[in-house]
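See structure below.
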Amino acid sequence: MSTHSNHPFHLVDYSPWPLTGAIGAMTTVSGLVSWFHQYSMTLLMLGLTITTLTMYQWWRDISREGTFQGLHTFPVTIGLRWGMILFIVSEVLFFVSFFWAFFHSSLSPAIELGASWPPAGIIPFNPFQIPLLNTAILLASGVTVTWAHHSLMEKNHSQATQGLFFTVLLGIYFTMLQAYEYIEAPFTIADAVYGSTFYVATGFHGLHVLIGTTFLLICLLRHLNNHFSNAHHFGFEAAAWYWHFVDIVWLFLYVSIYWWGG
């Protein structure tokens, strides 16, 4: 293959990971259906295993591309930035649909809900207990990830490490509190439209926190291996953008679903 290029575009090498990722996703969804209907988790575990292995190897290849092979030049990083921006925009619209469903039902509750919100018989969470603590945790994590970013730009390796470590720790703490809240919840996803909108919106947000925590953990490991410099660290910057998006979504969730909606 010739190394000479007559265009500024980034053409990736042939890779098996999009195919194995699609197979993993299809197997995971089929496994979920099998679990729900036949109570067997075998196919689900297979799908999650394929997806996890694909993620590891795909991230490994991209890290090699950007760090050791020098393929992530300035024009390429511009494309990566636009890709991440458009991805976050699509995520915003994804959550808009959940808020739309919530406000559609809560602003004009049907007679089947007792003409009240929350629906008759449902005891909502106290917004000034675990939800408020989780809000403080995510706001603190937004501070630590910004601290890590500025430390990286100032070539302060140790403080960038500390900031990333505390951000990952706070993300794990948030997830543990969310799981505890679900376990202690006085209502389920089957309890009218309130339960459905509550668990779908907060559940998908929790999934995004898990994804963001994993994203930042990968960045922490790469940082410890000196993959980032003060001028070349878009992998970390993308993770920081994603984490700030997760923070902002939680603020909307807290204000609308926990505080106003409860």
Side-chain angles (χ1 to χ4, degrees), residues 25 28-41 44 47-48 87-142 170-214 242-262:
T28 301
V29 173
S30 302
L32 280 168
V33 173
S34 174
W35 180 31
F36 293 161
H37 290 276
Q38 299 173 351
Y39 309 106
S40 170
M41 295 184 69
L44 175 61
L48 291 174
F87 170 67
I88 290 174
V89 168
S90 74
E91 291 281 74
V92 169
L93 297 175
F94 179 70
F95 277 99
V96 162
S97 65
F98 300 143
F99 285 109
W100 190 303
F102 175 79
F103 284 112
H104 174 80
S105 298
S106 61
L107 291 173
S108 181
I111 193 67
E112 292 83 2
L113 303 178
S116 64
W117 193 267
I122 288 183
I123 304 169
F125 287 104
N126 184 339
F128 302 110
Q129 292 179 347
I130 289 180
L132 184 59
L133 176 58
N134 266 344
T135 303
I137 288 167
L138 276 190
L139 288 175
S141 72
L170 288 167
I172 294 169
Y173 187 29
F174 176 93
T175 302
M176 290 169 62
L177 285 173
Q178 190 79 46
Y180 175 74
E181 183 180 70
Y182 279 6
I183 292 166
E184 296 294 318
F187 57 90
T188 70
I189 196 170
D191 284 320
V193 70
Y194 183 89
S196 300
T197 52
F198 175 87
Y199 279 104
V200 170
T202 59
F204 270 113
H205 177 267
L207 176 64
H208 282 69
V209 170
L210 282 171
I211 293 167
T213 305
T214 307
Y242 188 81
W243 195 253
H244 288 309
F245 159 74
V246 168
D247 285 356
I248 292 167
V249 169
W250 175 258
L251 290 176
F252 279 99
L253 281 172
Y254 176 75
V255 170
S256 60
I257 294 180
Y258 283 100
W259 182 55
W260 180 84

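All residue numbers in this chain count up from 1 along the given sequence.
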message: Would F204 and F94 count as a ring-ring contact (aromatic ring centres under 6.0 Å, His included) here? Give the steps.
response: CA-CA 10 Å; F204 270 113; F94 179 70; 5.1 Å; yes

field: Donor-acceptor pair, side chain of T197 and main chain of F102, under 3.5 angstrom
entry: no

- request: Using atom types as modelled and distance alone, determine if a side-chain donor or acceptor of T214 lies under 3.5 Å from a backbone N or O of L210.
  value: yes

- line: Value for CH2 (W250) from CD1 (I257), rounded to nearest 0.5 Å, stands at 9.0 Å

- line: Output for pair (I211 CD1, L207 CG), nearest 0.5 Å, gives 4.0 Å

statement: Residues passing the side chain to side chain donor-acceptor pair (under 3.5 Å) test with T213, sequence neighbours excluded, are none

field: Approximate separation, where rounding is to 0.5 Å, of I137 CD1 and D247 CG
entry: 11.5 Å

query: If you count the non-hydrogen atoms of other residues, nucleotides and ligands that lie under 6.0 Å from CZ in F95, is the total more than 12?
result: yes

- prompt: How many angstroms lie between CG in N126 and CH2 in W259, if you round to the nearest 0.5 Å?
  reply: 13.5 Å

query: Which heavy atom of L138 sits nearest a heavy atom of S141, and at what distance?
result: O-OG, 2.6 Å

- prompt: In chain order, what residues pass the side-chain contact (heavy atoms from CB on, under 4.5 Å) check against P119, with sequence neighbours excluded?
  reply: L113, W117, I122, A192, Y194

- prompt: Run the side chain to side chain contact (heavy atoms under 4.5 Å, CB included) check on V255 and L251 step by step: do they pass?
  reply: CA-CA 6 Å; V255 170; L251 290 176; 5.5 Å; no

message: Treating S108 as the side-chain partner and H104 as the backbone partner, does any N or O pair qualify as donor plus acceptor under 3.5 Å?
response: no

message: Please find the pair of heavy atoms, one from Y173 and one from L133, that lie closest to each other, and give the distance.
response: OH-CD2, 4.1 Å

Distance-minimising heavy-atom pair for V209 and G171: CG1-O, 3.9 Å

- request: Hey, could you give me the CG/CD1 distance between D191 and I123, rounded to the nearest 0.5 Å?
  value: 10.5 Å

Residues 176-186 side chain polar contacts: donor-acceptor under 3.5 Å, at least two apart:
| residue | atom | partner | partner atom | Å |
| --- | --- | --- | --- | --- |
| Q178 | NE2 | E181 | OE1 | 3.2 |
| E181 | OE1 | Y258 | OH | 2.7 |
| Y182 | OH | T202 | OG1 | 2.7 |
| Y182 | OH | G203 | N | 3.0 |

field: Closest heavy-atom pair and its distance - P124, P118
entry: CG-CG, 3.8 Å

message: Would you call the rings of Y242 and F245 parallel, tilted or perpendicular, taking 30° and 60° as the class edges?
response: tilted

- prompt: When the aromatic ring centroids of Y254 and H205 are compared, is their separation below 6.0 Å?
  reply: no

message: With side chain to side chain contact (heavy atoms under 4.5 Å, CB included) as the criterion, how do F103 and S256 come out once you've worked through the C-alpha distance, each side chain's angles and the decisive distance to 0.1 Å?
response: CA-CA 9 Å; F103 284 112; S256 60; 3.5 Å; yes

- request: Report yes if the distance between the aromatic ring centroids of F187 and F125 is under 6.0 Å, otherwise no.
  value: yes

- line: When every non-hydrogen atom of S106 is compared with those of W260, the smallest separation belongs to OG-CZ3, 3.5 Å

